[in-house]
Amino acid sequence: MKTLQEFADALTEAQKARKLTARELADSVGLSDLSVRKILSGQTAPRLTNAMALASELGFELVLVPKEVALSISGAPKKPRSVLSNVERLLGTASKLSQDDNSDS
């Protein structure tokens, strides 16, 4: 997740899946009903402790990960590697040779 709205949407989806009202969720984490509704709508950025409590109550765990890990989890395109292993280099050469053979036909 990169935005407050994506965070709010994920919490809201989990809240609906668990069939909890905003009041029930608020009561379980010790926040006001209004605060929870504003957080779930993306209108308010929650304090970290409140975000952790809401996430936990809805079956999530907030975890800090390096950006590279987050990108690989989200399926973002990977940057091309500048260093190749010998196997990767040989596979690339074999692929090029195969393409050259096919184009000569």
Side-chain angles (χ1 to χ4, degrees):
M1 282 174 234
K2 292 185 178 185
T3 68
L4 178 60
Q5 191 60 54
E6 288 174 328
F7 177 73
D9 292 345
L11 292 181
T12 300
E13 189 175 316
Q15 174 210 11
K16 289 178 181 177
R18 286 179 162 58
K19 298 179 182 173
L20 292 171
T21 66
R23 179 173 300 282
E24 292 168 333
L25 185 56
D27 289 344
S28 66
V29 295
L31 296 173
S32 72
D33 180 37
L34 179 61
S35 293
V36 169
R37 283 188 279 123
K38 284 184 174 184
I39 292 167
L40 294 178
S41 69
Q43 294 176 348
T44 301
R47 289 183 179 173
L48 180 59
T49 53
N50 293 341
M52 291 168 63
L54 286 168
S56 180
E57 188 65 28
L58 294 171
F60 292 106
E61 186 70 34
L62 289 183
V63 179
L64 292 176
V65 296
K67 285 185 179 183
E68 289 291 322
V69 173
L71 291 173
S72 69
I73 292 171
S74 68
K78 295 180 182 178
K79 296 178 188 173
R81 292 181 22 210
S82 59
V83 178
L84 299 177
S85 71
N86 288 337
V87 172
E88 291 169 320
R89 197 173 300 108
L90 289 171
L91 286 172
T93 302
S95 176
K96 286 178 187 175
L97 289 174
S98 175
Q99 289 173 356
D100 290 344
D101 287 346
N102 288 338
S103 65
D104 290 341
S105 304

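Only heavy atoms go into these numbers, but all of them, side chains included; no hydrogens, no water, no symmetry mates. No experiment lies behind these values; they were computed from the predicted model shown.
Within the 4.5 Å cutoff, the side chain of Thr21 has no heavy atoms near those of the Asp33 side chain. Between Pro46 and Leu4, the closest side-chain pair of non-hydrogen atoms falls below 4.5 Å.
The distance from atom CD1 of Ile39 to atom CG of Leu54, rounded to the nearest 0.5 Å, is 5.0 Å.
Phe60 and Ala10 make their closest contact through CE1-O, 3.8 Å (heavy atoms, listed as atom of the first residue, atom of the second, distance).
Residues that satisfy the side chain to side chain contact (heavy atoms under 4.5 Å, CB included) test with Ala53, not counting sequence neighbours, are Val29. Take Leu34 and apply the side chain to side chain contact (heavy atoms under 4.5 Å, CB included) test, not counting sequence neighbours, and it matches Ser32, Arg37, Lys38. Residues satisfying the side chain to side chain contact (heavy atoms under 4.5 Å, CB included) criterion with Ser28, sequence neighbours excluded, are Leu25, Glu57.
In Arg23, the CZ atom is not crowded: 12 or fewer heavy atoms of neighbouring residues, nucleotides or ligands sit closer than 6.0 Å.
Legend: side chain to side chain donor-acceptor pair (under 3.5 Å) pairs involving residues 7-17, not counting sequence neighbours, sorted by first then second residue: Gln5-Asp9.
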